[in-house]
Structure formats: C-alpha cells, structure tokens
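Quick notes on the structure that follows.
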Amino acid sequence: MKLPETQLALLEATGATDRTPVGALAEELGEDPAAITRAAFELEAAGLVDVEERAVEDVALTEEGERYREAGLPELRLRAAAAEAGADDSPAEMGRLVGQSGLEGPEVDIALSNLARKGYGEIDGGAIALGEDPRYDPEADPEAAALESVAAGEADAVATDVLDRLESRGLIERTETTARSVTLTDEGVTALMEGVEAAETVGAVTPELLTSGEWSEVEFTEYNVEADAETVNGGKTHILRQTANRVKDVLVGMGFREMEGPHADADFWINDCLFMPQDHPARTHWDRFALDVPPMEELPADLLERVEDAHRNGVGSEGDGYHSPWDADFARAVALRGHTTSLSMRYLSGQAAGDLEPPERYFSVEKVYRNDTLDPTHLLEFFQIEGWVMAEELSVRDLMGTFTEFYEQFGITDLEFKPHYNPYTEPSFELFGRHPETDELIEIGNSGIFREEVLSPLGVECDVMAWGLALERLLMLMYGFEDIRDVHGTLCDLDLLRNVEVVY
Ligand code: PHE
C-alpha cells in the first residue's frame, strides 16, 4: 500500500489501543494540527483509523479577569480596606475606603454590588459596615480561587455555577472546540504489518512541475472539504451600510432618484424653508450643532425674500405669519443638519437639480446630527431615509401605501400610524413598528404632506408628501437587537456585526 507522507507518518504514530489526541500527534510529528486533522480524516475514510470527536470547553481569563487575578477582586479589595479601617466596629466612610483600596472608575460600582451580593459589607448612606454574616470567608472567596484555577488551566475543577458567575461578570471567556483523537482500526494494524510505503504527494502545482512535465506523474493531495478550518474574520461591509445600500436599491426600484447635498448647511435650508419659526425651541443652541464658520452668503435672493414673507405674513388670503422676529443673518448661520429635509428643500426649490415637473420622486439615505442624550434608541448621529413624492392630488392614503410597500421589502408588515404635528406638514403622522424581541412599539419615522407655507415660496404648485425614517430603527426591527450601540461605537456587538448577513 502507498500513502501520502503525512498520512503514513500519522498511521505509524497512532496506537492500536490508546486514543491519541490530534494535538499531541501534531506536536510529535512537527506538523500543523490542521494538516494532521486532514490526514486523520483521510485515513478514516480509507478505514485505517478511527477518529473520535468530543466537544470540549476551553476556559480562559479575559483581560479584566487577569487584572483582578493579579490585583484582587474589587469587592475583596474594598472589604480589606474596610476591615483595616475598623469597619467591624463602626461604619467607615465610603470615599475614604475607595481611595485606600485604589479602586478606579467602573471598579467602584463593581466592588459595591459584589460586596453586597457576597454579604462582605453593608452599604448605608455613604458608609460601609463589615457584613455580619458573609456568604464566604473572604480568605477563601470561590470566585478569586476560580480565577487562579482558570489561569492554571484547571477550569475543570471549578464548580459550574462559579464559572457561570465569572462569565456573567465578563472575567472569563468560554469557547467550544472539538477535540479529536485517533486509534488504529484492525485494518490499519494489518496494513502496517504488511508494509506501507510513502507516496509522494503534491499540495499545489508549481511552475517547475508544469515546465518539467512532472505534473502528469505526481499524485495530488486530495481536498477534504469537511475538515475544520480556522475562523477567519476578514473585513466586511458594516450591516448598517449594507442595509443603507439595500434601502437605496429598493427605493430606486420604486422609481425614486437620489439626492445629495451638504452635511453642514445654512439654517435657511435646514429650518427656514420648512416654515420653522426662528424662535422655535428646536432652533436653540441646545439642540443643534452650530459650526464656527462664516455664514452662507450664497442663498437665492428671491427665495430668501419669499420665505421671509411666508414667515412674516403667512401664505394666501387666510394666511397669517408668526408675528415673531425673522432675520436673514440668522438664516445664514451654518450648522450640522438635524434632518435631511434640508436636501428636499434644495431639490424642491430647483436649486439643486433645476426646476422639477410633477410627478417626481426623490430620496436620500444620509447622516443627520442631533444633540440628543445617548440612550438605547438615540445617538448623536444617525442615518435618515429621507424621501418625497411630488404629484397632483396626494393624500395620506398615498403615504401609507408607500410605507407599506417599502417596509414590506424588509419583512415588516405590521406598521402603525399615529397623528402628529410638524410645523411644515399638515396632516402629519408618525410611523411605528413592533420590535421582534421586546414586542414594544418603536417609532421608526415621521411624515406628512408639506404645507402651502413651505411649498408656495419654493414655487411648487402641486402636492408633495414627504418623510424621514430612521435607518437604525429599521435595522432593529430586522435583526432584533435592542440597543443601537450594538451596531455603533466601542460597545458594539462584534458577533452581530460579523455574522449577520443582509439578504436581498
Ligand atoms: N424632518 C422630519 C424628522 O426629521 C421628517 C419629515 C420629513 C417629516 C418630511 C415630514 C416631512 O423627523
């Protein structure tokens, strides 16, 4: 019998009675474990060895776990400081103990909550008293002992509930791997006794093999497409960007064209054109990111005049203005756009793409910036799916129909609509979708039909329905994550970002 070299070496190194782990064989033969695994599978297919597979758990300390192993668990450090300060007699002031224990930043909260959980101390009004009846002897804290065991590679000896706790504290990481071991089959033993020779096999064609003609003589190594391979995490397009591209494709499919325009724009385009009074609360410095740059001088003079007139006097014979100050310099100030409706104004006015004749449909999927408070559903910047349709005789039914058709493409079919107020649209409504995990209704967009006070100065004579939808919220409904910070920034969920595929 002839076998490729690696297989022969493996066959000879494999015992007939004891199972030998693939890792040990690889080490003994000085080969890459993946190559030995491949060879083992090939020998198994030929009936010469048995490969046994077992799931094993690998436990390792995280960086934080390693830090606590060296410096002590935060709660034990705090307990030690309290004991030293005589907190068994009278409670010691917390700030002092924190200082003495050298705890920093988030470690303080970690220390306090675990101190209470383990009964090492009682916290009352900013002071700590030593716990009367601690759950463990602080000298023999099971979590501290477990950190040592894990570091020594003896995680097997640690109770599962302690490992669970360390995992939930983020101090250890468990990974499942497959351990393989091999033994000779009877056939393998017989083959070895009868004698096996090395057949030279070639892993890849080289220029030399081709020019010498040798390629036609040699035996090539077979591929085993079922063998484990190392996970390679290459770069990939972020799911937010993937979804943005998909949204663009869907809207283009629905007959829309894409708008583009500046992220930093004059307040005129962001607010004044939208009939937002200059003293509107959303226009204060709290809410916008004002930029310290020269004002935008090049605004169309005639449009500026008509917008000012709409603000001061209203539009039409019944119209009434805001009776509040209006100042062109205020309109020229530059800020980061809080919505991409600024782009809609640039296009509807004819400023961006020339005069438009109805029917027209435009969209953008672009970043907007808001001075919000960070929380699970709000970021300081997000992507807005802006869009509008210009046509005769539009109604709320047209808007609802457009949304239904659009969201259906993403598998979202249970939209809800709620009446709303915008200074620039009448009627207006907000759009809600149901979160697949929490079942909560979450707001996913805002929309309406532009008022005369907006359209008339722009010179638009038919109806325009418009909307701004949040791309991140659409993503939440599609993938069920609950915190927007799972996809943005330093707290992001790498597994989600690596594994989710945006399907068309
Ligand atoms: N600008 C609105 C927002 O950011 C969305 C919107 C656009 C509403 C156009 C109505 C019309 O919430």
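Atoms within each ligand, like the ligands themselves, are counted from 1 in listed order. All residue numbers refer to positions in the sequence shown, counting from 1.
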**Message:** Using heavy-atom distances only, which candidate in S447, P423, A470 approaches atom 10 (C) of ligand 1 most closely?
**Reply:** S447
**Message:** Is a donor from one side chain sitting under 3.5 angstrom from an acceptor on the other, for E258 and S364?
**Reply:** no
**Request:** Give the ring-plane orientation class for Y369 versus H263, where under 30° counts as parallel, over 60° as perpendicular and anything between as tilted.
**Result:** tilted
**Proximal candidate to atom 5 (C) of ligand 1 [heavy atom criterion; set A282, G468, S428, G387]** = G468
**Request:** Examine ligand 1 and decide if any of its atoms is less than 4.0 Å from a heavy atom belonging to Y424.
**Result:** yes
**Message:** Checking the side chain of R337 only, and the main-chain atoms of W269 only, is there a donor and an acceptor separated by less than 3.5 Å?
**Reply:** no
**Item:** Proximity to ligand 1 by part of T425, non-hydrogen separation under 4.0 Å
**Value:** side chain
**Item:** Polar contact flag for N422 and ligand 1 (N/O pairs, less than 3.5 Å)
**Value:** no
**Residue pair F268 / R332, side-chain heavy-atom distance below 4.5 Å** = no
**Message:** Does ligand 1 come near enough to H339 that some N or O of the ligand is less than 3.5 Å from an N or O of the residue?
**Reply:** yes
**Request:** Take the angle between the ring planes of F417 and F403 and call it parallel below 30°, perpendicular above 60°, tilted in between.
**Result:** parallel
**Message:** Between ligand 1 and W467, is the shortest N or O to N or O distance under 3.5 Å?
**Reply:** no
**Item:** Aromatic ring pairing W326/H311, orientation class (parallel under 30°, perpendicular over 60°, tilted between)
**Value:** tilted
**Asked** Got a donor-acceptor contact below 3.5 angstrom from the S428 side chain to the Y421 backbone?
**Response** no
**Request:** Examine ligand 1 and decide if any of its atoms is less than 4.0 Å from a heavy atom belonging to R370.
**Result:** yes
**Request:** Decide whether the shortest distance between a heavy atom of Q384 and an atom of ligand 1 is less than 4.0 Å.
**Result:** yes
